[in-house]
Amino acid sequence: MDNFIKTIMQQDLDSGKHNEIITRFPPEPNAYLHIGHARAIITNFELAKEFNGKTNLRFDDTNPVKEDAEYVEAIKEDLKWLGYTPANVFYGSDYFEKTYEKAILLIKKGLAYVCDLSQEEMSKYRGTLTEPGKNSPYRDRSVEENLDLFERMRNGEFPDGAKTLRAKIDMASPNINLRDPALYRIIHINHHRQGTKWCIFPMYDFAHPLQDAFEGITHSLCSLEYDNHRVLYDWVVENCECEKVPHQYEFGRLNITNTIMSKRYLRMLVESGKVSGYDDQRMPTLVGLRRRGYTAEAIKNFIISTGLSRVNSTVSSEMLDEALRDDLKLKADRRMAIMHPLKVTITNYPEDKIEYLEVSNNVENENATTRKISFSNTLYIDSEDFLEEKPNKKWKRLSKDIEVRLFGAYFIKCNEVIKDNDGNVIELKCTYDPATKSGSGFDERKPNGTIHYVDAKTCKCAKFLFFEPLLLDEASDKSFLENLNPNSIQELNGYVEESLGEAKPSDKFQFLRVGYFCCDKLSTSDNLIFNRITPLKSSM
Ligand code: ATP
Ligand code: MG
């Protein structure tokens, strides 16, 4: 991983500014992580790893209103899945006492005051991008009065919103974040970790730099929208007289085509029942991607391949699929599955015989193991591999009077096409040539291509799920829920070869000539379900 932050870290080590790199991933436990977060996770962990440093996981649980312990567990699980073990797991709220002491220090230094303006009044006083703000009438309270009021805020004497603690910086600053930002607010609530111990909660801009400083974070990495908060970050660290001085560096956010990455919209999808949950196979959450079958390796390689710079970037979702194919190409066993079954009867094969043929589990991997597949007089092929009209030369599959190879088995030739009353093809009568058994070295005739099949006498029923993006058109001005793709999930019922009867949730396969599939979490041996992760070839 090479990027501008790595260069800075290297310089800081070379100059002796730091002798160790310490980073942190600081999610707010108010949602499931999505693939955008993976950029932050991978960047923090991989950069620290490059320099034998450390990365903490810190739950930024200082905003109690939206947070929940359910998300804490999910986030830990996601990190583990991505293959990262944090040096420490910390909770921002565990620093509340130390944070409070720093607030007292600011008050004593005349750098913070208790303000009685309501939220509305405060935003009026704040001014705009073009107009300076106005000083709060409470700005000149004495240190003693501020200390007294702040303590009484902590003791719960005032209702929600009645007072705030604000930094005293500059109401005319061109950077609005420096116009006496709020440091603490009053919320009487049961915090998921601290219970009712606190009714005043520090704001992100105050808590975050302090947490970084308490932990000795050297490089505090965050996404670009915090760019104009950096001055405030530095103000807090400096004026709170922190022993260790962290620095904030911003990187561009990752956006992916056709992919919704806003917490608000992801929540809306779940709450409206448009998806089955945060782990729905169409969701860009790490739980969703994992269930669908994306591997941690593929996600990591994808994220690293998108690079890192100081601009937000949008990359094609096709790049993630390509990373998945690269990862599974040698790892995933090949299997045969039929999604549009067409019955084939081999008229010259003994009716009560089943034979087992040995085939490679992955013809692209010379170290692959083998398995046995069965062959009998009743098979299924994919109806898309048969053409009724006389085909042209490009057709490399089955047709009447044409001979193809069945993968791992024999050459078969179609002699008769059986139709139902409506004219639909329902069965093919074929003959096989015993001399053409796979691996026999037979090379007298060249078949018209190789197709896959399953043996109807041993195969298992299976359901196949196919996915498309949840959003129809990113540029549409329709409301979010009206712009959803009605075909984002589609289902086919067919057959898989016998060995897949034992497939377990999260097992991944390449279904020959079709794509990469993953056994779904709801799959059982009596009710097999396979998610198509991605087709074999890019659709671009
Ligand atoms: P919100 O602003 O609603 O809290 P968030 O996506 O910033 O949402 P956090 O839990 O604060 O959620 O995110 C943790 C870290 O992940 C932050 O440092 C954030 O900048 C980073 N992050 C989130 N989404 C992306 C993205 N799409 N690309 C890069 N980094 C991201
Ligand atoms: Mg955030």
Side-chain angles (χ1 to χ4, degrees), residues 22-45 48 54-100 185 187-212 214-217 220-223 226 261-271 275-280 283-291 294 296 299-300 303 521:
I22 308 179
T23 61
R24 87 286 170 268
F25 173 62
E28 224 183 304
N30 64 357
Y32 281 79
L33 298 180
H34 55 61
I35 187 156
H37 292 112
R39 170 177 274 185
I41 298 171
I42 292 168
T43 303
N44 277 293
F45 277 89
K54 287 188 207 134
T55 305
N56 293 339
L57 167 61
R58 183 202 310 139
F59 290 104
D60 173 16
D61 60 350
T62 52
N63 177 6
V65 184
K66 303 176 288 178
E67 292 159 5
D68 198 281
E70 170 195 353
Y71 302 118
V72 168
E73 292 315 310
I75 291 170
K76 284 185 185 166
E77 199 52 43
D78 283 343
L79 239 62
K80 193 163 134 198
W81 177 64
L82 284 176
Y84 296 119
T85 311
N88 301 285
V89 179
F90 291 130
Y91 294 81
S93 65
D94 289 350
Y95 302 117
F96 278 170
E97 193 65 50
K98 280 169 99 173
T99 309
Y100 180 79
R185 62 210 190 289
I187 311 174
H188 292 269
I189 198 174
N190 192 358
H191 183 276
H192 73 91
R193 189 169 170 87
Q194 308 299 336
T196 51
K197 200 164 150 207
W198 292 90
C199 63
I200 53 169
F201 291 89
M203 303 300 286
Y204 174 88
D205 279 332
F206 184 52
H208 199 82
L210 288 177
Q211 294 161 2
D212 283 346
F214 296 152
E215 292 176 18
I217 301 302
S220 175
L221 314 183
C222 62
S223 41
Y226 294 101
M261 232 141 33
S262 140
K263 280 180 185 173
R264 193 165 81 86
Y265 286 132
L266 295 178
R267 185 171 300 146
M268 217 191 266
L269 285 168
V270 172
E271 284 170 3
V275 296
S276 62
Y278 281 99
D279 72 348
D280 187 285
M283 291 284 269
T285 49
L286 295 179
V287 276
L289 292 165
R290 173 154 89 234
R291 172 170 176 193
Y294 286 96
I299 290 176
K300 263 196 231 177
I303 294 288
K521 75 161 189 184

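In this structure Arg185 satisfies the salt bridge (Lys or Arg N to Asp or Glu O under 4.0 Å) test with no other residue, sequence neighbours excluded. Checked against salt bridge (Lys or Arg N to Asp or Glu O under 4.0 Å), Glu271 has no partners two or more places apart in sequence or in another chain. The salt bridge (Lys or Arg N to Asp or Glu O under 4.0 Å) check on Asp279 picks up Arg291, Lys521, with sequence neighbours excluded.
Pro27 and Leu33 make their closest contact through CB-CD2, 4.2 Å (heavy atoms, listed as atom of the first residue, atom of the second, distance). In this structure, Pro26 and Asp60 approach most closely via the heavy-atom pair O-CB, 3.8 Å. Counting all heavy atoms, side chain and backbone alike, Ala74 lies closest to Tyr32 at CB-CE2, 3.4 Å. Closest of all the heavy-atom pairs between Pro29 and Ile75 is CA-CD1, 4.1 Å.
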Would His208 and Cys222 count as a side-chain contact (heavy atoms from CB on, under 4.5 Å) here? Give the steps.
CA-CA 11 Å; His208 199 82; Cys222 62; over 6 Å; no
Show, in sequence, the C-alpha distance, side-chain angles and deciding distance for Ile41 and Tyr84, and conclude whether the side-chain contact (heavy atoms from CB on, under 4.5 Å) test is met.
CA-CA 9 Å; Ile41 298 171; Tyr84 296 119; 3.7 Å; yes
Given the rule in the side-chain contact (heavy atoms from CB on, under 4.5 Å) test, do Phe206 and Thr99 qualify, once you have shown the distances and angles that lead to the verdict?
CA-CA 8 Å; Phe206 184 52; Thr99 309; 3.7 Å; yes
Where do Trp81 and Val287 land on the side-chain contact (heavy atoms from CB on, under 4.5 Å) test, with the steps shown first?
CA-CA 10 Å; Trp81 177 64; Val287 276; over 6 Å; no
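Between Leu289 atom CG and Met283 atom CE the span is 10.0 Å, to the nearest 0.5 Å. Atom NZ of Lys98 is separated from atom CG of Leu210 by 9.5 Å, given to the nearest 0.5 angstrom. Rounding to the nearest 0.5 angstrom, the gap separating the CG atom in Leu82 from the CD1 atom in Ile42 is 5.5 Å. Separating the CG atom in Leu286 from the CD1 atom in Ile35 is a distance of 7.0 Å, to the nearest 0.5 Å. Here Cys199 contributes atom SG and Asn190 contributes atom CG; the two are 12.5 Å apart, rounded to the nearest 0.5 Å. In this structure, the separation between CD on Glu73 and CG on Asp78 is 11.5 Å, given to the nearest 0.5 Å.
In this structure, Phe59 has its ring center no closer than 6.0 Å to that of Phe90.
The closest donor-acceptor contact from the side chain of His34 to the backbone of Met261 lies under 3.5 Å. Checked by atom type and distance alone, the side chain of Thr285 pairs as donor or acceptor with a backbone atom of Tyr278 at under 3.5 Å.
Note on ring orientation: taking the six-membered ring where Trp is involved, the planes of Phe25 and His37 are perpendicular (angle over 60°, cut-offs 30° and 60°). By the 30° and 60° cut-offs, the orientation of the rings of Phe96 relative to Phe201 is perpendicular.
Residues Arg193 and Val72 form no side-chain contact, since every pair of their non-hydrogen atoms from C-beta on lies 4.5 Å or further apart. No side-chain heavy atom of His192 sits less than 4.5 Å from a side-chain heavy atom of Pro64. Residues Pro202 and Tyr100 have side chains not in contact (no heavy-atom distance under 4.5 Å, counting atoms from C-beta outward). At least one side-chain heavy atom of Asp94 sits less than 4.5 Å from a side-chain heavy atom of Gln194. Within the 4.5 Å cutoff, side-chain heavy atoms of Lys263 are placed close to those of Glu28.
Other residues, nucleotides and ligands contribute at most 12 non-hydrogen atoms within 6.0 Å of the NZ atom of Lys54.
Side-chain contact annotation: Ser93 with Asp61, donor-acceptor N/O pair under 3.5 Å present. Side-chain contact, Tyr95 with Glu215: a donor N or O sits under 3.5 Å from an acceptor N or O.
Just one of Asp212, Asn44, Asn56 meets the side chain to side chain contact (heavy atoms under 4.5 Å, CB included) condition when paired with Thr23; it is Asn44.
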